**Student:** 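Shown below is the structure under consideration.
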Amino acid sequence: MENNDSTSRRTFIAGSILAGLAVGCSNKKDPFTQSAEETVAASGEKVKLLSVDGEIVEVDIAYLKPIPHLPPVSIDESRIGIEGKKFVMVVDLARCKNLRKCQASCDHMHHIHSEQNWLKVYPMKEAEHTAPYWQPTQCMHCDEPPCVKVCPVDATFKRKDGIVLIDNQRCIGCRFCMAACPYSSRVFNWQESDYVEDPNIHVAYSPETSVPQKRGTVGKCDFCPDMYREGKLPHCVQACPNGVFLFGDMNEDSVTNGAETFRFSELIKDKAGYRLMEDLGTKPSVYYLPPVSRNFKFEDGMENEAPGETISSHTK
Amino acid sequence: MEKLTLSPEKITADLVPQAFGKRGMIWTGCLLVLCAIGLFAYIRQVTKGLVVTNMRDYVSWGIYISNFVFFVAISLVGSLITAVFRLADVHWSTPLTRIAEIIAVSAIVFASLIIIVDMGRPERFYFLLIFGRIQSPIMWDVIVISTYFVISLLLLYLPLLPDIKILLEQKGVGVDRFQKLYRFLGSFWKGLDIQEKMNNKAVTLLCVTIIPVAFSIHTVTSWLFATTYRPGWDSTNFGAYFISGAFLVGAGGVVVAMYVFRHVYKLEKYITEMHFDRMGKIVVMLALLYLYFNVNEYLVPAFKMKTSEEAHLMQLFTGEYAPMFWFAIFTGMLIPIAIMIFKKGRKPLPMFVAGIMVVVGAWFKRYLIVTPTLLHPFLPMHNVPASYHHYFPSWEEWAIAIGSLAGAMLVITFFARILPIIPIHETIIEQHETAE
């Protein structure tokens, strides 16, 4: 089921890129303007679209032209970051039931090896008599990143917009950053990724997309700045049906999960948000809202756990 | 001190390199085979990636790194025997200086090699030079290790010059085929007063410089761990703890090597029981020192038993790693102390046994410093295959680690085959001085 979905999406993307390239090559016109020479016969099959002024219009499918994807930004550019932004994420623990849609989407979009995840959902339990809860955890994009401090070759770096990225063309694979990260958020490409790439798509590498993955280098959550450039939310945020993840900009003081938007400062104040391992001084960019008045029981999330996994690891 | 009255000719004849006997051939052959297996395993690793190891995301450093720490540790002995004793005007250690120095040089070479083996992209090694950032402890390590290598090499080479002159004058199966090499290495050395003077001055200067550099290499190596937050590594004790351990394993290594060379090359007149006796006292002192830092390292956190430390400490004291932990403590420190604290224990054979125990214990100690900590991350291990929860090195890792140890011993073996392992010139001079 999920496989079919992803195959069709890939084919569509491939198709659109090819079409875009074809248009670009043949008449050097930008694909957004209509050209007089082009005459297309109507196919009779119509789709409903929302026009810019809010009306629903019916358009023949033959008149639609695929829009090429924006090319990824260069490595030099992706080291700088997006001007004026300070990205932040809020994870609402009261909404998480370990569905792991976030994980599947992240794994797929970043071509992560099937054994590994950049985003993990931990069953947490602080003490014997406290309640267990699910805690999605990925790179914290710390403002004092211990991983960046120890990197000997500037392969992992902190950008102006707060994002910590890895340049896998630079990484030498010493794994010091993995030892330094207290959140265990980094994974290593021990082997080639087993993600099956579409042979029609040749994506240029960018630290912002993190693909293609490279054997012998470190990977981790990149906060999807490539998605932001396209005006979209990170893959995990989009994939979560429960709206657990809220992504946004500290300077604009707003975070959103797509359906709801909050003032970041108010949300953190009202719900007593906190960050993980504050005592280490890493200053994470990911905030958590405590698992109170929960939408789901902890046990509801158990069905997505591998047998035996949780029992062995969730109590210290 | 035992008085020796040996003529310079006799000393020279005793100490010039000798061709391998049958035992030497077998020994060298075995080492070569081990190196070849290691190389084969490394080729597999390069083609398939680090997936051939059993390291995974949690235990992302394994025996390559513990082997690296071991090599760096054992290399420290060069500075102890050569520099510290020389500056302190201690003369009895003269026959041991070259043994210590070649151990230092070969160990530091293999420390660098094993680090490259551990890298995910070894072909990018030069990135350290072109993109290096000084705030990373790895860069500090690169700087001090290469400095230490150069100084150690010079401390090996400069005192060799008078000996090369002697070798150039020798004939025999042991030295004939290396005449070209000797000429290349030291034909400019005429033994002039001015040369002697300059050489002595240079060696003294190097001895002064090598001590801070030696302290740096092992302190910085300890900081690769101590600059992280992890329980078991997050310790201000680490620099001193590593240095004391390094002096111990280095001294243990010298004891083993001096026994072997004495036995194989029949050097009883040069490496005497006195040398074993004194080295024994030194090893006991160093073992007690290391024990002291171990008590600091484990007892203080164990007294508090912070949650994050508790899982790590209990795993060492009574858990999965307890057999290895107590083996390392007993074999690496307590039993050697018990042997060598008695005069009878400081005879060559018991010293040899104790020396091996110190070295083996030290190797496992390094393993315990690196691996168990990584099995206790702050967040529980989760959403990974079961194999990520444990670590036991794969055959490739063992083959490469053993191959690197064999390689280091091979370098020492070839060195002793080509050049005198006991300084000829210095021994003659000291004989002369003692006789007077």
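Chain naming here is simple, since letters A, B, ... match the order of the sequence lines and numbering starts at 1 in each. Every heavy atom of this structure was used, including side-chain atoms; hydrogens, water molecules and symmetry mates were not. Just so it is clear, the structure is predicted and the values come from calculations on it, not from any experiment.
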**Student:** Do you know which of Phe127(B), Trp61(B), Tyr58(B), Trp140(B) has the most heavy-atom pairs under 4.5 Å to chain A?
**Tutor:**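 The candidate making the most pairs under 4.5 Å is Trp61(B).
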**Student:** Under 4.5 Å, counting heavy-atom pairs only, tell me which of Val142(B), Ile134(B), Leu128(B), Ile138(B) racks up the most with chain A.
**Tutor:** Ile138(B)
**Student:** Does some side-chain heavy atom of Asp167(A) sit less than 4.5 Å from a side-chain heavy atom of Phe131(B)?
**Tutor:** no
**Student:** For Lys149(A), does the NZ atom have more than 12 heavy-atom neighbours from other residues, nucleotides or ligands under 6.0 Å away?
**Tutor:**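 12 or below, so no.
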**Student:** Given Lys48(B) and Glu192(A), is the side chain to side chain contact (heavy atoms under 4.5 Å, CB included) satisfied, shown in steps?
**Tutor:** CA-CA 9 Å; Lys48(B) 300 190 176 204; Glu192(A) 298 295 346; over 6 Å; no
**Student:** Can you tell me how far the CD atom of Gln135(B) sits from the CG atom of Asp154(A), to the nearest 0.5 Å?
**Tutor:**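 Here the interatomic distance stands at 8.0 Å.
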**Student:** So which of Pro146(A), Pro182(A), Ser184(A) has the biggest tally of heavy-atom pairs under 4.5 Å with chain B?
**Tutor:**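 Among Pro146(A), Pro182(A), Ser184(A), the one with the most close pairs to chain B is Pro182(A).
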**Student:** State which residue, out of Asn54(B), Asp57(B), Thr53(B), fulfils the side chain to side chain donor-acceptor pair (under 3.5 Å) condition with Trp190(A).
**Tutor:** Asp57(B)
**Student:** Do you know which two heavy atoms are closest between Tyr183(A) and Leu379(B), and how far apart they sit?
**Tutor:**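 Smallest interatomic distance, heavy atoms only, reads O-CD1, 3.5 Å.
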**Student:** Would you mind checking which part of Val218(A) comes under 4.5 Å of any heavy atom in chain B, side chain (CB onward), backbone (N, CA, C, O), both or neither?
**Tutor:**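 The answer is neither part of Val218(A).
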**Student:** Find the one option among Lys214(A), Gln103(A), Glu115(A), Arg170(A) whose heavy-atom pairs under 4.5 Å with chain B are most numerous.
**Tutor:** Arg170(A)
**Student:** Considering only heavy atoms, which portion of Gln135(A) lies under 4.5 Å from any heavy atom of chain B: side chain, backbone, both, or neither?
**Tutor:**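 Contact with chain B is through the side chain of Gln135(A) alone.
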**Student:** State whether the side chain of Asn117(A) and the backbone N or O of Asn383(B) hold a donor-acceptor pair below 3.5 Å, judged by distance alone.
**Tutor:**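 Here the side-chain-to-backbone pair exists.
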**Student:** Any heavy-atom pair between the side chains of Leu276(A) and Phe378(B) that's under 4.5 Å?
**Tutor:** no
**Student:** Heavy-atom distances under 4.5 Å only: say whether Asn168(A) touches chain B with side chain, backbone, both or neither.
**Tutor:**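 Backbone only.
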**Student:** Evaluate the side-chain proximity of Met139(B) to Val150(A): yes if any heavy-atom separation is below 4.5 Å, no if none is.
**Tutor:** no
**Student:** With distance as the sole test, does Arg230(B) use its side chain to make a donor-acceptor pair with the main-chain N or O of Ala180(A) at under 3.5 Å?
**Tutor:** no
**Student:** Under 4.5 Å heavy-atom distance to chain A, tell me which part of Arg133(B) shows up: side chain, backbone, both or neither.
**Tutor:** both
**Student:** Checking Phe225(B) against chain A: side chain, backbone, both or neither under 4.5 Å from a heavy atom?
**Tutor:**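 For Phe225(B), there is no contact with chain A at all, as no heavy atom is under 4.5 Å.
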**Student:** Below 4.5 Å from any heavy atom of chain A, which atoms of Leu224(B) appear? Answer side chain, backbone, both or neither.
**Tutor:** both
**Student:** For Arg175(A) and Ser60(B), indicate whether the former's side chain and the latter's backbone hold a donor-acceptor pair under 3.5 Å.
**Tutor:**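 The answer is yes, because a donor-acceptor pair under 3.5 Å joins these two groups.
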**Student:** Is Glu303(A) atom CD crowded by more than 12 heavy atoms from other residues, nucleotides or ligands, each under 6.0 Å away?
**Tutor:** yes
**Student:** When you compare the side chain of Arg121(B) with that of Cys171(A), does any pair of heavy atoms fall below 4.5 Å?
**Tutor:** no
**Student:** Would you indicate whether the side-chain heavy atoms of Pro380(B) and Met124(A) approach each other to under 4.5 Å?
**Tutor:**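 Yes, their side chains come closer than 4.5 Å.
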**Student:** Please answer whether the main-chain N or O of Gly120(B) pairs with a side-chain N or O of Arg215(A) as donor and acceptor at a distance below 3.5 Å.
**Tutor:** no
**Student:** Tell me whether the guanidinium CZ or amine NZ of Arg56(B) lies under 6.0 angstrom from the six-membered ring centre of Phe188(A) and within 45° of its axis.
**Tutor:** no
**Student:** Quick check on Val370(B) against chain A: is it the side chain, the backbone, both or neither that has a heavy atom closer than 4.5 Å?
**Tutor:**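 Neither part, no heavy atoms under 4.5 Å.
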**Student:** Does any backbone or side-chain atom of Trp233(B) lie under 4.5 Å from a heavy atom of chain A? Answer side chain, backbone, both or neither.
**Tutor:**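 Interface part for Trp233(B): side chain.
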**Student:** Heavy-atom count check: over 12 atoms from other residues, nucleotides or ligands less than 6.0 Å from Phe40(B) CZ?
**Tutor:**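 Check fails, neighbour count at 12 or below.
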**Student:** Hey, which of Cys181(A), Ala155(A), Ala179(A) has the most heavy atom pairs under 4.5 Å with chain B?
**Tutor:**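 Among Cys181(A), Ala155(A), Ala179(A), the one with the most close pairs to chain B is Ala179(A).
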